[in-house]
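Structure record follows, encoded as structure tokens.
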Amino acid sequence: VKPVPADCIVVHGEVCMSTGAVAVRLGVVIGGERLKEFGFAPLTTAKRPGLWWRLSDLPAICDALIARLQAVKEAC
């Protein structure tokens, strides 16, 4: 069993991170609405307010952000 990273919590049995933690890991400001636009569904918990994103989705979040940036680049 892997330890839960310091910037994560367990929500409904899944290791999750806050929107702010996702932004810190990516090194860019990104909001929950943008993550939803990319097709990701947040979890919520009564333990801690806010939106929580599955750590297992982070690679796909990176791919979605790369695709978005590539589209912007190609439109220039």
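Computed from a predicted structure; not experimentally measured.
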Requested in this report: Before giving the answer on side-chain contact (heavy atoms from CB on, under 4.5 Å), spell out for Cys62 and Leu26 the whole-Å C-alpha distance, their side-chain angles and the decisive distance to 0.1 Å.
Outcome: CA-CA 8 Å; Cys62 290; Leu26 295 176; 3.7 Å; yes
Query raised in the report: side-chain contact (heavy atoms from CB on, under 4.5 Å) between Val28 and Leu65: does it pass, once the steps are laid out?
Result: CA-CA 10 Å; Val28 298; Leu65 183 58; 4.0 Å; yes
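Going from atom CH2 of Trp53 over to atom CD1 of Ile30 covers 9.0 Å, rounded to the nearest 0.5 Å. The CG atom of Asp57 lies 9.5 Å from the CG atom of Leu35; values are rounded to the nearest 0.5 Å. Atoms CG and OG1, on Leu51 and Thr45 in that order, are 12.0 Å from each other to the nearest 0.5 Å.
Nearest heavy atoms, Asp7 versus Met17: O-CB, 3.8 Å. For the residue pair Phe40 and Ala64, the shortest heavy atom distance occurs at CE1-CB, 4.1 Å.
Clustering ILVMFWY residues whenever any of their side-chain heavy atoms sit less than 4.5 angstrom apart, transitively, puts Val15 in a cluster other than the one holding Trp52. Cluster annotation: Leu43 is not connected to Ile61 through the hydrophobic network of ILVMFWY side chains, with a link wherever side-chain heavy atoms come within less than 4.5 Å. Both Leu69 and Val22 are assigned to one and the same hydrophobic cluster, defined by single-linkage of ILVMFWY side chains at heavy-atom distances under 4.5 Å.
For the pair Thr19/Arg34, no side-chain contact is recorded, criterion being any heavy-atom separation below 4.5 Å from C-beta on. Counting only heavy atoms from C-beta outward, the side chains of Arg25 and Pro5 approach each other to under 4.5 Å.
Checking side-chain atoms of Lys47 against main-chain N and O of Val11 turns up no donor-acceptor pair under 3.5 Å.
Residue pairs meeting the side chain to side chain donor-acceptor pair (under 3.5 Å) criterion with at least one partner in residues 65-76, sequence neighbours excluded, are Gln70-Glu74.
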